[in-house]
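Each remark here refers to the structure printed beneath this line.
None of these values were measured; they are calculated from a predicted model.
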Amino acid sequence: MYGIFMECWVALKLYGGNGAILLMFLASAIYLVICEKSLKKKIMLGIVPLLILLGFLFPVTKILYVAVFDDGSDTYYRIMWLIPMYVVIGFAACRFIFSLKKSMYQRIAFVAALAIIASTGSLVYASRHMTVAENLYHIPQKVIDICDVIAPEDGEPRVRAAFPSELVHFVRQYDTDILMPFGRDIVVTQWGYYNHVYEVMEKPEVIDAKALAEATRETKCSYVILAEDRKIDGDLLDLGFELVTSMHGYNIYADPEIIGG
């Protein structure tokens, strides 16, 4: 049970990013439980969100979720989507501001609330993922073309593929039938969460081909995508991989050992 709890705890930390939103949510929900006079609002915006959060961390919840859903281990974090975090934070901030009697204090509290919320986030337009749209999907065309090569046919089981970190942000926006051993949460996390494939594929300046093959096979990756200019010590072809094609500066390798298994 402790191991499952720690998995839930890690998932919560990854979902919460730098932790600021989670802290503001907890403070807001507790504030509403204590100070909100309307029973309906107290329950909906204070008690229920806290119960969902506690339920998320409760190991039995994950056991039941995984038993019901085939991809439960990969999608368990979506329970957190049931929590209206920003609504709770916004409502609590407004309630606190208008609880102040003097308008001057209200203005100060309003500016302070905006400053706190803004300072804990990041400017979306400064992200390296914000680029000029190349297609109707508004994601890089190279991601679409690579996904089209490896995507399963209708009715076939989903595939797992290891993508370079600069591409993982977009893959499942385009095709949810493609799973990955690590995703955006690992790439941008500030919690130091360990992922075997990411450590082997992204951390070293030169990739150890044998270590990469072991890591991707351990996580059942049917495909490995590597930049053509990425330095690698060894040849994946010698380890049983097949080069499917090269496009947009990336090599797409298939692993018959996983595909055929």
Side-chain angles (χ1 to χ4, degrees), residues 3-4 6-8 10-11 14-15 59 62-79 142-189 191-204 207-227 230 232-247 250-261:
I4 298 176
M6 289 306 299
E7 290 177 0
C8 298
V10 169
L14 292 173
Y15 182 84
K62 183 169 186 178
I63 293 174
L64 294 175
Y65 186 92
V66 172
V68 173
F69 298 100
D70 293 335
D71 56 354
S73 296
D74 295 323
T75 61
Y76 182 67
Y77 71 94
R78 293 179 183 175
I79 288 179
K142 57 187 176 184
V143 175
I144 293 176
D145 293 340
I146 292 172
C147 288
D148 286 343
V149 170
I150 68 175
E153 298 293 337
D154 291 341
E156 293 183 351
R158 292 189 291 181
V159 300
R160 191 179 302 272
F163 280 80
S165 59
E166 67 269 19
L167 303 183
V168 298
H169 182 79
F170 307 100
V171 174
R172 288 180 60 79
Q173 293 182 48
Y174 176 66
D175 195 334
T176 57
D177 284 331
I178 299 176
L179 305 175
M180 294 178 288
F182 67 89
R184 176 181 175 276
D185 53 347
I186 302 300
V187 175
V188 304
T189 181
W191 298 96
Y193 181 51
Y194 179 82
N195 180 279
H196 191 188
V197 178
Y198 179 76
E199 294 293 323
V200 174
M201 190 172 178
E202 295 293 327
K203 288 294 185 70
I207 297 175
D208 184 329
K210 185 176 180 180
L212 178 61
E214 291 175 353
T216 56
R217 284 169 175 163
E218 178 185 332
T219 51
K220 306 298 182 183
C221 290
S222 300
Y223 299 94
V224 176
I225 293 86
L226 292 177
R230 189 72 163 90
I232 182 168
D233 182 11
D235 193 336
L236 291 179
L237 300 180
D238 295 335
L239 297 172
F241 287 76
E242 296 178 354
L243 180 61
V244 178
T245 188
S246 298
M247 58 173 59
Y250 292 91
N251 291 325
I252 304 175
Y253 295 94
D255 189 349
E257 183 174 317
I258 301 300
I259 297 175

Indicate the atoms forming the closest heavy-atom contact of V159 with I150, along with that distance. CG2-O, 3.6 Å
Testing the basics here: between A161 and P181, what is the closest heavy-atom pair and its distance to 0.1 Å? O-CD, 3.2 Å
Using only atom types and a distance under 3.5 Å, with no angle test, would you say the side chain of T176 pairs donor to acceptor with the backbone of R172? no
Going through the distances and angles, do K210 and D233 end up as a side chain to side chain contact (heavy atoms under 4.5 Å, CB included)? CA-CA 8 Å; K210 185 176 180 180; D233 182 11; over 6 Å; no
Decide side chain to side chain contact (heavy atoms under 4.5 Å, CB included) for I79 and Y65; before the verdict, give the C-alpha distance in whole Å, the side-chain angles of both, and the deciding distance to 0.1 Å. CA-CA 10 Å; I79 288 179; Y65 186 92; 4.0 Å; yes
What verdict does the side chain to side chain contact (heavy atoms under 4.5 Å, CB included) test give for I146 and I225, after you've listed the backbone C-alpha separation in whole Å, the side-chain angles of each residue and the deciding distance to 0.1 Å? CA-CA 9 Å; I146 292 172; I225 293 86; 4.0 Å; yes
Would a 4.5 Å heavy-atom cut-off, applied to side chains only, mark M247 and V149 as touching? yes
side-chain hydrogen bond (donor to acceptor under 3.5 Å, both in side chains) against Y174, all qualifying residues, sequence neighbours excluded: D148
Are side-chain heavy atoms of I178 and F163 found at a separation under 4.5 Å? yes
Evaluate the side-chain proximity of L243 to I252: yes if any heavy-atom separation is below 4.5 Å, no if none is. no
M180 versus V197: any side-chain heavy-atom pair under 4.5 Å? no
Identify, with sequence neighbours excluded, every residue that meets side-chain contact (heavy atoms from CB on, under 4.5 Å) alongside R217. A213, F241, D255, E257, I258
Flag, side chain of E202 to backbone of E199, donor-acceptor distance under 3.5 Å: no
Does E242 reach the side chain of L236, with side-chain heavy atoms less than 4.5 Å apart? no
Would you check, one step at a time, whether the test side chain to side chain contact (heavy atoms under 4.5 Å, CB included) holds for H196 with E218? CA-CA 9 Å; H196 191 188; E218 178 185 332; 3.2 Å; yes
Do the non-hydrogen side-chain atoms of K62 and C8 ever get within less than 4.5 Å of each other? yes
F182 to S165 - nearest heavy-atom pair and separation: CE1-CA, 4.5 Å
Just by modelled atom types, is the L179 backbone N or O under 3.5 Å from a matching donor or acceptor in the R158 side chain? no
